[in-house]
Amino acid sequence: MDRNTVIGLTLIGALLVVFTYMSQPSDKEKKATQREQKELAEQAKKDADSTEKAEKNKPKLVAKKDKDGNQIKDDKGNPVYLNEKTNEDTIVAPRVKAPTKVIAKGEIVRLESEKLIVDFSTKGGIVSAVQLKEYESYLNFAKKDGKITPLYLFKDGDQTNQLIFNISGHKYATGNKQFEIVSKTKHKVVFKHDVADGSIIYTYNLKGGYDLGYTIELKDLNGKVLPNSVMLDWQMEMLRSERLLSEQRKVSTICYESAEGKLDWNSEVAESYKVAETDMKWVAYKQSYFSSILDADNGFKVKGTKFTATNYKEGSKEFFTHIRKYRSKLNLGMQSVKDGKASFSWYFGPNDYDVLASYDKDYDDILNLGWGLFRWINLYAVQPVFAFFMNLGINAGLAILLLTIILKLVLMPVQWKMFVSSAKMKILKPQIDDINAKYPKKEDAMKKQMDMMALYRASGASPLAGCVPMLFQMPILLAVFRFFPATFSLRQRGFLWAEDLSSFDSIWDFGTYLPLYGNHVSLFTLLMAVTTLAYTHLNSSNMTQQQQPGMPNMKIIMYMFPIMMIFFFNNYSSGLSYYYFISTLMTIILMFIIKKFFVDEEKLKAKMAAAQTNSAKKGTEPKKKSSFMQRLDDAQRQQQERAKNKQKK
């Protein structure tokens, strides 16, 4: 393998390491979480101090009695007390509580459509559970019982959508308040909760597909609730749904789009806390293959809006059953609370690109298909071709194979250029080795470089001729690294021995967890590593050994890379490993085809030798040097002079 190929593979490896590093929690995110916890603790202390101060300053009332010792009452029958601080009479009227029907857990109401089963609870009037009828969790999928058990996004106790506001100077939260059912039809339910002299009304209606309409109305609360102070506190703990929980957690977070159309998100790995910097259009609680997206008709206002994503502590009861904790406090921006109203559309469904893109609201931006150029390649090249094959109803593994063939055909000119460059470097290798042997010392590096350049120029070869095509292929290699793990079409689709191409393909579960590897053997990962190792070996004859002491042996580095891939990809999507395996295998096959039928190395060698002979003849004639060569000669002379001066000293 020539130097340019090594540079390309090294860059790919470096970028993979960078991707892994970028997924780790940053110090900034850790500090943000610590800051939120500190703020919450300080606020709790302030509330406690305020309560204590209020108790101390609370006036002491003594019952006022007549001469017979009976409690004195006013004309309405209210008891009269004496305020010892002001020495004035105080009348204490009894507090009147609105009658409410108390139910410990809340009554469950269910609505059902062709795609969703949604449960609501009268306790808080909340959405308490959501099931997707077309999909099932991996645990149910692995049973192979021939039926689909609807997948739970969350169950009763995992989700709360409550209002928080101040009423008459006191904080009020609806999460534990009892709501009554006003009306219920097949696809619609209305809840009501009385507060003060007004009421809160929730209306839910299934719109079809994966959508749930949600409307909040505040009736007759003007003057008691401050405008723009009503917050929607949305909390959710999504259930585990995939085979490997650790991988599912790596791509789960809160995403939100600003009013200007800019997507932002919390960390996908670390606990994180963010405060909104602008108004928001919608908020999404995303996991690997499913999401809950809350879209506000009038958006969410920036004041007080914030997002928190936290992880479960190891040893907690939810550590093996749930993914992460999501929480958003969203300002509803109600200008008037007399008849305040806010309307939303809730999406509970798959992270399928075609489904999300069909809403035309940028929902598909939550899919982690890479950034910049890599995302464009996936959206406008890889995704359409792959979706075309999947829509034909063919097996997902065959779709990946056909996609790979098309990409290889598109890159055929690049592959051709790389092979010809590799063949030329292989032919020149003996001469390059002679030049390296001729200049073993460091101080002769400039002379060696000049001889190398003269050799390349005379023979018509160029080191960059192989490097540039490799760099051209790298965006595609890195784009598919994001595409296959994020592609919903691979979920629970089997191929050969892989039962689920969205997860690892295990041929042996040995039970014991090995650090950096796992507790299983993925066959597609092994095949990918073997083909990469074979490709490395076939090209290693072009690699020139480093002659200078202290320089790393590039051959060893080349052979280490495929071995590292075994550890790096063992827990990854088997669809991704399968793609890299057949892609490298096709590269090897194409290399043999080009070598056997299209490029005659003996003719190429003769052509290069003739070019060197012609160059040598022309070299006897005086020729004006280019400015670059002139600068190179000047640099060589300066280096030689410095070396001579150093020897004299």
Side-chain angles (χ1 to χ4, degrees), residues 25-43 159-166 171-175 214 216 218 225-238 251-287 291-311 324-337 340-347 356 359 361-368 371:
S26 65
D27 292 337
K28 183 178 180 181
E29 290 167 336
K30 291 179 180 178
K31 289 179 181 178
T33 304
Q34 293 171 355
R35 183 171 64 252
E36 183 200 22
Q37 293 173 346
K38 183 179 179 181
E39 289 175 357
L40 292 174
E42 289 176 351
Q43 185 61 46
Q159 205 273 164
T160 301
N161 51 288
Q162 66 171 343
L163 293 183
I164 297 178
F165 52 87
N166 287 324
K171 183 178 178 181
Y172 198 88
T174 63
Y214 175 36
I216 299 172
L218 303 184
V225 177
L226 294 176
N228 294 313
S229 67
V230 181
M231 307 291 292
L232 177 62
D233 184 11
W234 181 26
Q235 302 179 52
M236 184 182 293
E237 301 179 43
M238 271 194 184
V251 291
S252 301
T253 189
I254 305 175
C255 302
Y256 26 89
E257 184 172 89
S258 69
E260 293 77 23
K262 180 183 177 183
L263 183 74
D264 198 0
W265 57 88
N266 286 40
S267 169
E268 289 185 325
V269 178
E271 294 188 337
S272 55
Y273 166 75
K274 280 193 174 184
V275 177
E277 298 179 355
T278 183
D279 294 348
M280 297 290 168
K281 289 182 181 179
W282 49 259
V283 180
Y285 289 172
K286 168 185 171 289
Q287 49 121 310
S291 290
S292 298
I293 305 176
L294 184 63
D295 191 334
D297 288 358
N298 297 319
F300 303 108
K301 302 305 177 183
V302 63
K303 184 179 179 181
T305 295
K306 53 187 177 181
F307 312 94
T308 307
T310 55
N311 298 329
R324 303 185 81 190
K325 297 179 184 178
Y326 309 89
R327 185 174 188 180
S328 300
K329 291 186 177 179
L330 308 167
N331 189 330
L332 301 186
M334 290 186 177
Q335 299 295 327
S336 170
V337 189
K341 186 175 181 179
S343 298
F344 314 88
S345 180
W346 232 321
Y347 171 86
L356 294 175
Y359 284 83
K361 294 183 177 181
D362 298 328
Y363 289 171
D364 53 292
D365 286 348
I366 68 175
L367 300 179
N368 193 346
W371 46 269

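Just so we're clear, the structure is a prediction, and the values are computed from it rather than from any experiment.
With values rounded to the nearest 0.5 angstrom, S292 atom OG is found 9.5 Å from Y347 atom OH. Taken from OG1 in T278 to NZ in K301, the straight-line distance is 9.5 Å, to the nearest 0.5 Å. Taken to the nearest 0.5 Å, the CG atom of L232 stands 5.0 Å off from the CD1 atom of I216. Atom CD1 of residue I254 and atom OG of residue S267 lie 11.0 Å apart, to the nearest 0.5 angstrom.
No option in K306, R327, K329, K171 other than R327 meets the salt bridge (charged side-chain N to carboxylate O under 4.0 Å, His left out) test with D233. The side-chain contact (heavy atoms from CB on, under 4.5 Å) with K361 is formed by just one residue from the set D295, L356, I293; it is D295. Just one residue in the list Y214, W346, W234 forms a side chain to side chain donor-acceptor pair (under 3.5 Å) with N161, and that residue is Y214.
Between S328 and T305, the closest side-chain pair of non-hydrogen atoms is not below 4.5 Å. A heavy-atom distance below 4.5 Å is found between the side chains of T308 and T310. No side-chain heavy atom of Y285 sits under 4.5 Å from any side-chain heavy atom of L294. Residues C255 and L263 meet the side-chain proximity criterion, which asks for heavy atoms closer than 4.5 Å. Between M238 and Q159 the shortest side-chain heavy-atom distance does not fall below 4.5 Å.
With sequence neighbours left out, the side chain to side chain contact (heavy atoms under 4.5 Å, CB included) criterion links N311 to E271, R324. Remark: A342 engages L332, M334, F344 in a side chain to side chain contact (heavy atoms under 4.5 Å, CB included) (not counting sequence neighbours). Qualifying side chain to side chain contact (heavy atoms under 4.5 Å, CB included) partners for A259, counting only residues two or more places apart in sequence or in other chains: D279.
In this structure, D362 places its CG atom where more than 12 heavy-atom neighbours from other residues, nucleotides or ligands lie under 6.0 Å away.
In summary, the aromatic rings of W282 and Y363 are positioned with their centroids under 6.0 Å apart. Taking the six-membered ring for Trp and the full ring otherwise, the centers of F307 and Y273 sit at least 6.0 Å from each other.
In terms of modelled atom types and a separation under 3.5 Å, the side chain of N331 and the main chain of K303 share a donor-acceptor contact. Checking side-chain atoms of T174 against main-chain N and O of L163 turns up a donor-acceptor pair under 3.5 Å.
Here the closest non-hydrogen pair linking Q287 and S252 is CA-OG, 3.3 Å. Of all heavy-atom pairs spanning A309 and N266, the tightest one is N-ND2, 3.9 Å.
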Worksheet item: Going through the checks in order, is the side chain to side chain contact (heavy atoms under 4.5 Å, CB included) test met by S291 and I366?
Response: CA-CA 9 Å; S291 290; I366 68 175; 3.4 Å; yes
Item to complete: In sequence, state the C-alpha distance, the side-chain angles, and the governing distance for Q235 and Q162, and then conclude on side chain to side chain contact (heavy atoms under 4.5 Å, CB included).
Response: CA-CA 9 Å; Q235 302 179 52; Q162 66 171 343; 4.1 Å; yes
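Of the charged side-chain nitrogens involved, at least one lies within less than 4.0 Å of a carboxylate oxygen, so that D264 and K274 count as a salt-bridged pair. Taking a cutoff of 4.0 Å between a charged side-chain nitrogen and a carboxylate oxygen, K281 and E257 qualify as a salt bridge.
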